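Reviewing the structure listed below.
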2 protein chains.
Amino acid sequence: METALDAVRRSPGDGPVLGVLGGMGPLATADFLRKLVERTPARRDQDHIPALTFSANFVPDRTAFLLGSGPDPFPALVASARYLRDCGAAMLAMPCNTAHYWHARLAGEVDIPFVSMVQATLKAIGEVAPTGPVGLLATTGTVSSGIYAQPLADVGRTCLALSEELQAEVMSGIGLVKAGQIAAGAAKFAMAERDLADRGAQAIILGCTEIPVALDAAAGLGPARIDTLLCLADAVVDRSQR
Amino acid sequence: METALDAVRRSPGDGPVLGVLGGMGPLATADFLRKLVERTPARRDQDHIPALTFSANFVPDRTAFLLGSGPDPFPALVASARYLRDCGAAMLAMPCNTAHYWHARLAGEVDIPFVSMVQATLKAIGEVAPTGPVGLLATTGTVSSGIYAQPLADVGRTCLALSEELQAEVMSGIGLVKAGQIAAGAAKFAMAERDLADRGAQAIILGCTEIPVALDAAAGLGPARIDTLLCLADAVVDRSQR
């Protein structure tokens, strides 16, 4: 298939195809593609990064498994990553924080570069808020897996967790966004954000890809909002231009 | 590849994969994916339509060719459609109006259903504005190719064209949106829309996928705004549920 495609991609500027392991959730994937376009220095269609996006909506719920109550999503993630590689993708990105629990294992299953959204986010935090506690708005799966708390602890920083009640509000907000009720979700995220700000957070990780769909990363008062989708887009653009 | 994927897609509800021939332009593709998600009756990720989206940004400019000043995009379109089919897509959709000039020929080159955005849009116009003239905001390529004017004339309806000056403003607006300057583009589209409304248009086709990125189809005063991306999303959802 690559050969047939290569035949029509004659411009020397045509870069390698980015594979996007998406569908977790579906709105976040559309939002990532929009942000990737917005962050790519381009003046016409042909300047953009060619991408193959697989909306793998069938991947079992990541948080349910991490909390011990659902099937393992890893086999579906591996099959989807290999599928993108077999379709000709030369680099992978996965716009879903919770799924990054499996990122290192997944990267080991495919022989192409796999950009990490967690690494991209930690880099951005280091730039905009280099010291002090960091707040995390994310699924209960992401929080409990420690994908952000562990690397922050490794550099001596605290990742603030929410009370059980507020964490339940965040999960409810994520469910509302997935069902298209964006304003209702935003209200729940804002409540949790206020709590983290009051406790001294210098930056707030919008650590589930559904959250920046509802909360504008550029707005916000107090601690810097870190949009993990924008961090991933910037990392992909950076790698594509090397 | 389909076999490896089939092994992990075990739920009987897993439908066939939709192939999205996108990247024309890149923002419109993200917007289409968002609208597809919003129009799909779903309560969780796993209810959504699995999709493989190819951002084929390298396809030569459609309007330039139709106006006689650029390379033929047809070979790149055929290769991209076959690529999606070879990757396992069971149905195709192409969120770009100008490229629909080649829709019938393209559909003949692949042996899977290829939903037409033009047909989906004509159906919507028949429902919301069954009589009277129809306005068209689109690229000069789409306007001159007659992909909307011809089928409207076939049912005795007029497709209003813009003056050369206003058509140039629309093209300039489309370029602004492609470059990310959305508000500036919206102002140009609104100017052309007022002219079409004054001339009696009962419906306005937002006939370039960049236009609804800037103009909200649900807002607008006077004639109904017909968002061709929403029409395509509805047609895909309708077919996927049969």
Side-chain angles (χ1 to χ4, degrees), chain A residues 1-2 4-11 13-14 17-18 20 22-27 29-38 40 42-61 71 75-80 82-84 86-88 175 178-180 213, chain B residues 1-2 4-11 13-14 17-18 20 22-27 29-38 40 42-61 71 75-80 82-84 86-88 175 178-180 213:
Chain A
M1 280 178 300
E2 264 192 291
L5 258 190
D6 285 348
V8 297
R9 297 180 61 215
R10 293 204 183 92
S11 154
D14 287 347
V17 173
L18 167 73
V20 180
M24 306 173 282
L27 272 183
T29 301
D31 200 30
F32 172 68
L33 287 184
R34 165 177 276 264
K35 283 168 179 165
L36 183 63
V37 170
E38 288 170 353
T40 304
R43 289 182 48 207
R44 45 181 209 136
D45 293 0
Q46 292 77 12
D47 297 334
H48 285 277
I49 299 168
L52 186 68
T53 302
F54 187 38
S55 301
N57 306 310
F58 55 87
V59 174
D61 191 88
L77 289 169
V78 172
S80 300
R82 289 184 178 159
Y83 171 63
L84 284 166
D86 293 345
C87 289
K178 280 186 197 290
V213 171
Chain B
M1 280 177 302
E2 264 192 291
L5 259 191
D6 286 347
V8 297
R9 298 180 60 214
R10 293 205 183 90
S11 154
D14 287 348
V17 173
L18 167 72
V20 180
M24 306 174 282
L27 272 182
T29 300
D31 200 30
F32 172 68
L33 287 184
R34 167 177 275 263
K35 284 168 179 165
L36 183 62
V37 169
E38 288 171 352
T40 303
R43 289 183 48 207
R44 44 181 209 137
D45 293 359
Q46 292 77 10
D47 297 333
H48 285 277
I49 298 167
L52 186 68
T53 301
F54 186 38
S55 301
N57 307 310
F58 56 85
V59 174
D61 191 88
L77 289 170
V78 172
S80 300
R82 288 184 178 158
Y83 172 63
L84 285 166
D86 293 345
C87 288
K178 280 188 195 290
V213 171

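Proteins get letters first, then strands, A, B, ... in listed order; numbering begins at 1 in each. Quick note: numbers below take in every heavy atom, side chains included, and nothing from hydrogens, waters or symmetry partners. Note that this is a predicted model, so its numbers are computed, not measured.
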Pairs of heavy atoms under 4.5 Å with chain A: top-ranked of B:R34, B:E38, B:H48 | B:H48
Proximity breakdown for B:A56 and chain A, heavy-atom pairs closer than 4.5 Å = neither
Heavy-atom distances under 4.5 Å only: say whether B:I49 touches chain A with side chain, backbone, both or neither.
-> backbone
Given the options B:L33, B:L27, B:V78, which has more heavy-atom pairs under 4.5 Å with chain A than any of the others?
-> B:L27
Between A:G175, A:S55, A:A30, A:P60, the one whose heavy-atom pairs under 4.5 Å with chain B are most numerous | A:S55
